[in-house]
Amino acid sequence: MERFYLTTPIYYVNSTPHIGHAYTTVAADVFVRHQRQRGRESFLLTGVDEHASKVARVAAAQGLEPQEYVDGIVESWRALPARLGVSPDFFIRTSDEGHKRFVQEFLERIRQNGRDDIYQDVYAGLYCVGCEAFKTEDELVDGKCPEHDVEPEWIEERNWFFRLSAYQERLLALYERHDFVLPAFRANEARSFIESGLQDFSISRAGQPWGIPIPWDPDQVAYVWADALVNYLSALTYARSGEDLVERFWPVARHLLGKDILRFHCVYWPALLLAAGYEPPQQLFAHGYLLSGDRKVSKSLGNLVADPLDLVDLYGADAVRFWCARSVSFGQDGIASVDGLRERYERELGNDLGNLLSRVTAMIARYRDGDLEPSPSADSPIAAILEPLADDVAARLDDFDLTGALERIWEVVRALNRHVESTAPWQLAKDDARANELDCVLWDLLDGLRVVAIALAAYLPEASERILDALRQPATLDWREVAYGRAQRVEGLAAATPLFPRVDEPSLTV
RNA sequence: GGCGGCGUAGCUCAGUUGGUUAGAGCAGCGGAAUCAUAAUCCGCGUGUCGCAGGUUCGAGUCCUGCCGCCGCUACCA
């Protein structure tokens with residue numbers, strides 16, 4: 001079976017983690033957990049991008065070396081996946097020695113590929129000293145940098161350039177595979193960009209103290225995209241000491257990215273790889289943004305939105321994961337608000353799913369003293385409902401349809417609640433002659449919940465485990481268990497404690 | 001300007017290659033039930049499918065024009 005290697009972008013440490021970072025990280029984790037359930041050898045990579053002139057400047061302002069500075073703030077970035085229930089197989093930092101060494105090798109490979117793909121030229125542009133960045137004409141207001149109200153200087157800098165223009169045809173050939181970049185409209189954007197003609201870009205910057213030195217010209221450091229993108233490959237070379245994972249996980253790589261960095265991932269990166277003699281990644285998926293849709297700004301709410309970890313404290317990692325996957329169609333932009341999170345938590349997690357577990361376990365405990373023998377029946381409506389679930393969900397997740405797969409599972413959750421109503425076990429319990437019927441109904445519900453729990457495990461790892469435990473079912477998450485009729489007999493099953501108890505709304509006033 | 005996309009019930013959106021009475025969730029109204037975290041289930045929508053034409057036996061689904069909105073259009077994590 002083909003291996004599965006998925007990456008998030010590496011996050012820029014100069015900001016603090018916000019909901020957008022959590023979003024990508026959670027999505028990546030769901031995909032990887034699901035593939036593992038299907039027995040696929042998988043690897044999840046995330047990490048941070050630490051090389052930027054801004055980092056050096058902030059560090060200097062605090063009287064620190066850049067490395068000291070990033071060493072200090074990287075912990076808040078490591079905490080992000082940890083608190084979201086995400087366990088990356090490796091957390092890369094671009095200041096890792098292994099990464100730096102590999103970037104240098106990588107650039108050297110391009111330079112020596114015999115096609116003269118790296119050459120020296122002059123990069124000229126309008127440079128704002130305040131921003132420490134080059135500006136384009138349309139960024140200026142009245143010829144001045146709008147942020148600093150100064151006229152930028154015309155600066156010419158001798159840099160090393162990458163001959164991107166030579167890769168137009170080879171890049172376009174990649175896009176003949178219809179799912180190279182998803183969603184399709186993003187592939188169109190990237191393709192039309194390529195078709196419009198590619199210009200070479202500089203891969204080095206002069207006069208920067210913080211970065212990876214260009215091996216053949218140590219006075220220059222690698223420009224951000226010649227450094228950061230390479231992490232997807234470099235990580236594989238040193239994530240496991242004494243082991244090179246490149247053979248295992250390249251080129252079966254899939255990159256998750258935000259739509260803002262589409263071009264760099266879908267154009268620059270494949271070209272750099274081709275130039276260095278590597279296969280391009282297998283697939284790229286650009287997701288949209290979670291737009292803040294919160295009611296009037298208050299300090300407490302503002303903080304909640306700014307820091308996803310606060311939301312985890314309040315509602316739990318599973319709730320935040322669920323909200324990420326559920327509230328916005330993956331790939332599209334959408335509104336995400338704390339109100340929406342609470343709504344989903346109460347209505348869907350608490351009422352639909354949590355209460356389903358409560359009522360089913362309570363009935364088994366009450367009507368059967370918690371004992372139940374397996375009693376599957378081929379003509380059970382539950383069998384028909386569960387039968388197509390495993391394939392449907394798997395197919396959607398293979399297509400990065402994070403939202404659609406979850407909706408598919410939720411249809412089953414709703415169907416189970418309907419089944420409770422239509423069979424009315426509390427009525428059957430009144431009639432001893434229908435004891436057998438009641439056994440079948442209760443066991444079907446037990447089995448349905450078991451299937452839902454396993455199907456949801458990638459999204460709600462904690463709740464999934466708690467459901468299986470409450471149902472006295474094995475903790476195995478093997479995807480083949482997402483099928484009707486596999487629940488084991490239970491003994492002494494007790495009414496479950498609420499899965500997603502009500503959470504007091506945080507105070508909205510400061 | 002160029003390329004691409006969107007505009008479907010109060011809200012958020014589904015609607016395969018054109019084909020029976022246009023769907024889901026949420027909100028609203030009414031009802032049932034009582035196993036359950038007052039949690040669930042059922043019923044209820046005269047929606048100009050942005051506007052105007054066209055193709056077709058038949059179009060939300062194809063074509064043209066118009067209106068409105070959005071994305072991309074190079075060195076910015």
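Throughout, protein chains are lettered first and strands after them, A, B, ... in sequence-line order, and every chain is numbered starting at 1. Predicted model only: the values in this text are computed from it and were never measured.
Between U8(B) and G1(B), the two P atoms lie 24 Å apart (nearest whole Å). Separating the P atom of C51(B) from that of C67(B) is a span of 15 Å, rounded to the nearest Å.
For S192(A), counting side-chain heavy atoms from C-beta on, the closest listed nucleotide (C76(B), C3(B), C41(B)) is C3(B). The R502(A) side chain lies nearest to A39(B) when the options are C26(B), A39(B), U34(B). Nearest nucleotide to the side chain of E421(A), out of C35(B), A74(B), A77(B): C35(B). Across U40(B), A36(B), U37(B), the shortest atom-to-atom separation from the side chain of N355(A) is found for A36(B). Picking from A74(B), C41(B), A27(B) the nucleotide with the shortest atom distance to the side chain of L164(A) gives A74(B). In this structure, the nucleotide among A77(B), C3(B), U37(B) sitting nearest to the side chain of W225(A) is A77(B). Relative to the side chain of F193(A), the nucleotides A74(B), G25(B), A39(B) differ in distance, and A74(B) lies closest. Across U40(B), C26(B), A77(B), the shortest atom-to-atom separation from the side chain of V224(A) is found for A77(B).
Counting any heavy atom pair closer than 4.0 Å across all strands shown, R418(A) reaches sugar-phosphate atoms only and no base atom. Contact annotation for H21(A): base contact, defined as any heavy-atom pair under 4.0 Å involving a base atom. Residue L499(A) is classed as a base contact, given a heavy-atom separation below 4.0 Å to a base. Using a 4.0 Å heavy-atom distance criterion, Y11(A) is classed as making no nucleic acid contact. Within 4.0 Å (heavy atoms only), N14(A) reaches no atom of the nucleic acid at all. Within 4.0 Å (heavy atoms only), S196(A) reaches no atom of the nucleic acid at all. Counting any heavy atom pair closer than 4.0 Å across all strands shown, E346(A) reaches no nucleic acid atom.
Taking the ring centroids of Y232(A) and H265(A), they lie under the 6.0 Å cut-off. When ring centroids are compared, F285(A) and H255(A) stay outside the 6.0 Å threshold.
Note: CG (L445(A)) to C1' (U40(B)) measures 13 Å, nearest angstrom.
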Report each atom pair, protein N/O against N/O of nucleotides 68-71 of chain B, whose distance is under 3.5 angstrom.
from, atom 1, to, atom 2, distance (Å)
G71(B), O2', R186(A), NH1, 3.4
G71(B), O2', E189(A), OE2, 2.6

Listing time: all N or O pairs from protein to nucleotides 28-30 of chain B that are below 3.5 Å?
none

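D96(A) meets the salt bridge (Lys or Arg N to Asp or Glu O under 4.0 Å) test with no other residue; sequence neighbours excluded. Applying the salt bridge (Lys or Arg N to Asp or Glu O under 4.0 Å) test to E189(A) and every residue at least two apart in sequence or in another chain returns R186(A). Checked against side chain to side chain donor-acceptor pair (under 3.5 Å), D401(A) has no partners two or more places apart in sequence or in another chain. Every residue two or more places apart in sequence or in another chain was checked for a salt bridge (Lys or Arg N to Asp or Glu O under 4.0 Å) with E195(A), and none qualifies. For Y123(A), the ring-ring contact (aromatic ring centres under 6.0 Å, His included) partners are F134(A), not counting sequence neighbours. With sequence neighbours left out, the side-chain contact (heavy atoms from CB on, under 4.5 Å) criterion links P381(A) to H419(A). In terms of the salt bridge (Lys or Arg N to Asp or Glu O under 4.0 Å) criterion, E462(A) has no residue partners (sequence neighbours excluded).
Taking side-chain N and O atoms only, N351(A) has a distance below 4.0 Å to OP1 or OP2 of U40(B). Distances shorter than 4.0 Å separate some side-chain N or O of R366(A) from OP1 or OP2 on C35(B). Of the side-chain N and O atoms in R191(A), none sit less than 4.0 angstrom from OP1 or OP2 of G4(B).
Positionally, the nearest nucleotide of RNA chain B for E407(A) lies more toward the 5' end than for the other of E407(A) and W426(A).
Counting only distance, with no hydrogens or angles, the side chain of T94(A) and the backbone of D49(A) share no donor-acceptor pair below 3.5 Å. Counting only distance, with no hydrogens or angles, the side chain of E50(A) and the backbone of P66(A) share no donor-acceptor pair below 3.5 Å.
At most 12 non-hydrogen atoms from other residues, nucleotides or ligands lie less than 6.0 angstrom from CD of E465(A).
Sorted by residue number, the members of residues 357-364 of chain A with any non-hydrogen atom under 4.0 Å from RNA chain B read S358(A), R359(A), A362(A), M363(A).
Each of Y268(A), Y119(A), W225(A), Y167(A) was checked for a ring pair (Phe, Tyr, Trp, His ring centres under 6.0 Å) with F162(A), and the lone residue meeting it is Y167(A).
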Watson-Crick or G-U pairs under 3.5 Å in RNA chain B, rendered as dot-bracket with [ ] for crossing pairs and | for another strand: (((((((..((((.....[...)))).(((((.......))))).....(((((..]....))))))))))))....

For residues 360-367 of chain A, please give each side-chain donor-acceptor pair under 3.5 Å, one per line with the distance, not counting sequence neighbours.
from, atom 1, to, atom 2, distance (Å)
T361(A), OG1, L357(A), O, 2.7
T361(A), OG1, S358(A), O, 3.1
T361(A), OG1, A496(A), N, 3.0

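Cation-pi check for R344(A) over F322(A) is not met; the charged atom does not lie both under 6.0 angstrom from the ring centroid and within 45 degrees of its normal.
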